[in-house]
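Notes to accompany the following structure.
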Amino acid sequence: MRIAEPASRQPVAAPLLEVRNLVVRYGKKGAAAVDDVSFTIARGETLGLVGESGSGKTTIGRAILGLQPVTSGEIWFDGKNITRASVAERRSLQGDLRAVFQDPYSSLNPRRPIGEALAEPLRVAGVPRAERSLRADEALAAVGLPLGSGARYPRQFSGGQRQRIAIARALVTDPRLVVCDEAVSALDLSTQAQVLNLLAELRTGADLGYLFIAHDMAVVEFLAQRVVVLNRGRIVEQGTTAEVLQNPQNHYTRVLMAASPVPDPDEQARRREAWQALKATAPAA
Ligand SMILES: Nc1ncnc2c1ncn2[C@@H]1O[C@H](COP(=O)(O)OP(=O)(O)OP(=O)(O)O)[C@@H](O)[C@H]1O
Ligand SMILES: [Mg+2]
């Protein structure tokens, strides 16, 4: 065991992901964008990471994905310390640890049919050429895209469909953890609901964990078993989704909850007012 467990507790398998005392600074003298953040994600678990704009959510996601250097602290994935993984080590992780970002259009090559975009991570993961297009087609079918979609280009799909393509590309390698950074934020509410349902469906029976980053509590409530609330780079609250939402301990968490968009315009207006009232009374941090 790497971690000392209380004697009363049975030894448990290492978590799928463990972030320990993570600190990320942009520039040598800058303030910490992420300051002493620790959390775990169990196998098959969805952890929601919420906080307002600039609170450090994307920075944490990027550090886990190896896209952002870590100032101090550690990131463990599947029992391995990946904090400063080499390029080769990252490459070998690529199939197990994947990402879906807010704007798939910018990450999909416009000149490449999407079937090829899905075959690429399979090539990196060492899947034989003969299997790749079959696996790509299966992944596209799993996210509800019509047969033959693999031959089409990104511009030939709607925003919601492109987000499904991004999800298919994340899942095609059969990963253990997917970092979803504002993966549904750009979608209208009905498309958002479809994509959230799809994400929930895809994890069923797949032992698939998500780090689900969103500024919207309602979206997190739908998908996450546990929630971490971030404010200015620090965790202000964490717990099961039910605990945090039913009985938020922190003023900031209540502010975030009141700011969540809802489909009913009257309810939305009420929440906006409540939000503004809460913001006005927020203690200066
Ligand atoms: N490349 C960068 N260089 C310098 N500072 C950065 C950089 N990226 C982010 N920051 C700063 O780090 C802090 C956290 O940013 P981050 O993007 O992680 O927030 P976020 O919670 O994802 O916000 P949003 O909800 O708007 O996406 C912010 O203060 C931001 O200005
Ligand atoms: Mg962000």
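Note that ligands are numbered from 1 as they come in the structure, with each ligand's atoms numbered from 1 the same way. Values below: all heavy atoms of this structure, side chains included; hydrogens, waters and symmetry mates excluded.
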Output yes when a protein non-hydrogen atom is found under 4.0 Å of atom 3 (N) of ligand 1, and no otherwise.
->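 There is a protein heavy atom less than 4.0 Å from atom 3 (N) of ligand 1.
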Within a distance of under 4.0 Å, is there any protein heavy atom near atom 14 (C) of ligand 1?
->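 True for atom 14 (C) of ligand 1.
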Short N-O contact, R123 and E120, less than 4.0 angstrom |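 Salt bridge flag = yes for E120 with R123.
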Identity and separation of the nearest protein heavy atom to [atom]:
| atom | result |
| --- | --- |
| atom 25 (O) of ligand 1 | K57 NZ, 2.7 Å |
| atom 1 (N) of ligand 1 | Y26 CE2, 3.7 Å |
| atom 16 (P) of ligand 1 | T59 OG1, 3.6 Å |
| atom 17 (O) of ligand 1 | T58 CB, 3.7 Å |

Partner of N250 under side chain to side chain contact (heavy atoms under 4.5 Å, CB included), chosen from V236, V244, V229, I235 | V236
Determine whether the side chain, the backbone, both or neither of H215 has a heavy atom under 4.0 Å from any heavy atom of ligand 1.
-> neither
Option whose closest heavy atom lies nearest to atom 24 (P) of ligand 1, chosen from S53, A63, G233 | S53
Considering S55, G54, G30, which one's heavy-atom position lies nearest to atom 29 (O) of ligand 1?
-> G54
Strictly distance-based, threshold 3.5 Å: is any side-chain N or O of [X] a donor or acceptor partner for the main-chain N or O of [Y]?
| X | Y | answer |
| --- | --- | --- |
| T241 | Q225 | yes |
| R226 | T40 | yes |
| E116 | P113 | no |

Close-contact set for ligand 1 against A33 heavy atoms, below 4.0 Å | 12 (O), 13 (C)
Output the list of atoms in ligand 1 that are nearer than 4.0 Å to some heavy atom of E52, sorted by atom number.
->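 Checking each atom against E52, I get 21 (O).
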First locate atom CZ of R232, then atom CG of D35, and finally report the distance between them rounded to the nearest 0.5 Å.
-> 12.5 Å
For the atom pair CG (L16) and OH (Y210), what is the distance rounded to the nearest 0.5 Å?
-> 13.0 Å
The Mg ion (ligand 2) to nearest N/O/S of T58 below 2.8 Å =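 Yes, within the cut-off.
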Tell me, yes or no, whether the heavy-atom count around R91 atom CZ, taken from other residues, nucleotides or ligands under 6.0 Å, exceeds 12.
->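 Counting neighbours around CZ of R91, 12 or fewer heavy atoms of other residues, nucleotides or ligands fall under 6.0 Å, so no.
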